Amino acid sequence: MKKESSIFSVFRKELERLGNAIMPFLVYYISYFVAAIILTFVVGSLLQNITGMEQSFLLKYEALINGVIGGAAMLIGILPLWKSFRQEVILPQKSGEGTADGLGDLERKGTICHYYRGFVTILLAIASALSINILFILLHLAENSETYKEVAANQYGVPFGLGIFLYGMISPLAEEVVFRGLLYNRMKKIYSVTVAIVLSAFLFGLYHGNLVQGIYGFFMGCLIAYTYERFENFLYAFLFHAIANITVYIVTGAEAVYRMVVTPSNYIIFTVISVILIFMMEKRKK
């Protein structure tokens, strides 16, 4: 009985630790969902009272309204997590950088290092995002997912500039605070780095709600967490996510660019570039 009790106690503690790691995701998802419902109701009520043409207006600007509501709901969703994010990510990072920064040569080396890391992050984000997307297109994965088609239609139904802002800035910020800033960092305290990367990426893929974006989210989540781990700064996780989203949004939203980029030869090129960059990051870390 004592042995069974001991095993149960260990299992309960592990479950509590895992629950604590996943909690930011649950808090964000619930907050986002509630905010989206409330904002949708408020906007619908306002339009009905102001225009008297709610149905026709909503049909014409449905994607725009949904995009703005979604972006606002994302920002509201991370508000309950901001204090934890500041304590667990921002303050420790500032403290670490404060001890590393120096004067003269050390300061110049630190600046060069930041430029190098930013350059590698941007290149890897562009190359890997295009590589995975081109592969999915060549395999016709997107064509078989009605849910993905609906999501894509909403994303490209907003004005181009607003789309870049929503999906290239707001979405990466909110998702990185949750999935890499809090969830990944907490999981890293429980499991190995590899397991934490895979688990956080799995939840990131699951969060997207459809198979195509789920698979894409998993692979990109692994790469973002890997970059974050190698460069030890949340800025690079956000930068990676933002650049990847903007790249895909531009390429798949402009027909001329799409035809030029989406080719089998370019898939090979972008894949090779991605592998080389990962090899450089790994070698530099060692």
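Position 1 is the first residue of the sequence, and the numbers go up from there. A quick note: this is a predicted structure, and the numbers were derived from the prediction, not measured.
When all heavy atoms are compared, the tightest approach of L166 to P172 is O-CD, 4.3 Å. Counting all heavy atoms, side chain and backbone alike, V158 lies closest to Y249 at CG2-OH, 3.6 Å. Between A201 and G221, the closest heavy-atom pair is CB-C, 3.7 Å. Counting all heavy atoms, side chain and backbone alike, L39 lies closest to A73 at CD1-N, 4.0 Å. Residues G77 and P80 approach most closely at O-CD, 3.3 Å, considering heavy atoms. In plain terms, the two heavy atoms of Y28 and M74 that are nearest each other are OH-CG, 3.3 Å.
N133 places a side-chain N or O within donor-acceptor distance of the main-chain N or O of A129, the cut-off being under 3.5 Å. Proximity of a side-chain donor or acceptor of S274 to a complementary backbone N or O of S128 within less than 3.5 Å is detected. In terms of modelled atom types and a separation under 3.5 Å, the side chain of N266 and the main chain of V262 share no donor-acceptor contact.
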Quiz item: Step by step, would you call F218 with V198 a side-chain contact (heavy atoms from CB on, under 4.5 Å)?
Solution: CA-CA 8 Å; F218 172 77; V198 172; 4.1 Å; yes
Practice problem: Applying side-chain contact (heavy atoms from CB on, under 4.5 Å), run through Y258 and I137 and close with a yes or a no. | Solution: CA-CA 11 Å; Y258 178 90; I137 293 169; 3.2 Å; yes
Quiz prompt | side-chain contact (heavy atoms from CB on, under 4.5 Å) between I22 and M187, intermediate numbers included | solution = CA-CA 8 Å; I22 297 176; M187 282 190 169; 4.0 Å; yes
Exercise. Apply side-chain contact (heavy atoms from CB on, under 4.5 Å) to Y29 and V178, showing your working.
Key: CA-CA 10 Å; Y29 192 80; V178 176; over 6 Å; no
Exercise. Could you walk me through whether S131 and T271 pass the side chain to side chain donor-acceptor pair (under 3.5 Å) test, one step at a time?
Key: CA-CA 5 Å; S131 172; T271 302; 2.7 Å; yes
Quiz prompt | Full working for ring pair (Phe, Tyr, Trp, His ring centres under 6.0 Å) between H208 and F204 | solution = CA-CA 7 Å; H208 283 83; F204 183 57; 4.7 Å; yes
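Using bins of under 30°, 30° to 60° and over 60° for the plane-to-plane angle, the ring pair W82/F85 lands in the tilted bin. Using cut-offs of 30° and 60° on the angle between ring planes, the pair F179 and F25 is tilted.
Counting only heavy atoms from C-beta outward, the side chains of I278 and L223 approach each other to under 4.5 Å. Between L75 and L79 the shortest side-chain heavy-atom distance does not fall below 4.5 Å. Side-chain contact between F119 and L124: absent, with no pair of heavy atoms (C-beta onward) separated by less than 4.5 Å. Counting only heavy atoms from C-beta outward, the side chains of R17 and R186 never approach each other to under 4.5 Å. With contacts defined as side-chain heavy-atom distances shorter than 4.5 Å, the pair R86/L91 qualifies. Between L182 and S84, some side-chain heavy-atom pair lies under the 4.5 Å cut-off. In this structure, the side chains of V193 and I197 come closer than 4.5 Å at one or more pairs of heavy atoms. Between F238 and V177, the closest side-chain pair of non-hydrogen atoms is not below 4.5 Å.
Hydrophobic cluster membership differs between I69 and F33, with clusters built from Ile, Leu, Val, Met, Phe, Trp and Tyr side chains linked at under 4.5 angstrom. In terms of hydrophobic clustering, with Ile, Leu, Val, Met, Phe, Trp and Tyr side chains grouped at heavy-atom distances under 4.5 Å, F279 and I273 are assigned to different clusters. In terms of hydrophobic clustering, with Ile, Leu, Val, Met, Phe, Trp and Tyr side chains grouped at heavy-atom distances under 4.5 Å, L141 and Y216 are assigned to a common cluster. I78 and I37 fall into different hydrophobic clusters, defined by Ile, Leu, Val, Met, Phe, Trp and Tyr side-chain heavy atoms under 4.5 Å apart, directly or through other members. Both I190 and M23 belong to a common hydrophobic cluster when Ile, Leu, Val, Met, Phe, Trp and Tyr are linked at side-chain heavy-atom distances under 4.5 angstrom.
No more than 12 heavy-atom neighbours from other residues, nucleotides or ligands sit within 6.0 angstrom of CZ on F165. No more than 12 heavy atoms of other residues, nucleotides or ligands sit less than 6.0 Å from atom CZ of F219.
With respect to R180 and E175, no salt bridge is recorded, no charged nitrogen being found less than 4.0 Å from a carboxylate O.
Rounded to the nearest 0.5 Å, atoms CG (L26) and CG (L183) are 9.0 Å apart. With rounding to the nearest 0.5 angstrom, the CZ atom of F136 is 10.0 Å from the OH atom of Y267. Considering CD1 of I276 and CG of L123, their distance stands at 11.0 Å, rounded to 0.5 Å. Note that OH of Y207 is 12.5 Å distant from CG of L203, once rounded to the nearest 0.5 Å. Separating the CG atom in N20 from the CG atom in L15 is a distance of 11.5 Å, to the nearest 0.5 Å. To the nearest 0.5 Å, atoms CD1 (I65) and OG1 (T40) are separated by 9.5 Å.
Remark: the T263 side chain and the S265 side chain contain an N/O donor-acceptor pair separated by less than 3.5 Å. Between Y228 and E176, the side chains place no donor N or O within less than 3.5 Å of an acceptor N or O (distance only, hydrogens not considered). With no hydrogens or angles considered, no side-chain donor-acceptor pair links T121 and T227 at under 3.5 Å. Between the side chains of N233 and Q93, at least one donor N or O lies within less than 3.5 Å of an accepting N or O. Neither side chain, H241 nor Y236, offers a donor N or O lying under 3.5 Å from an acceptor on the other.
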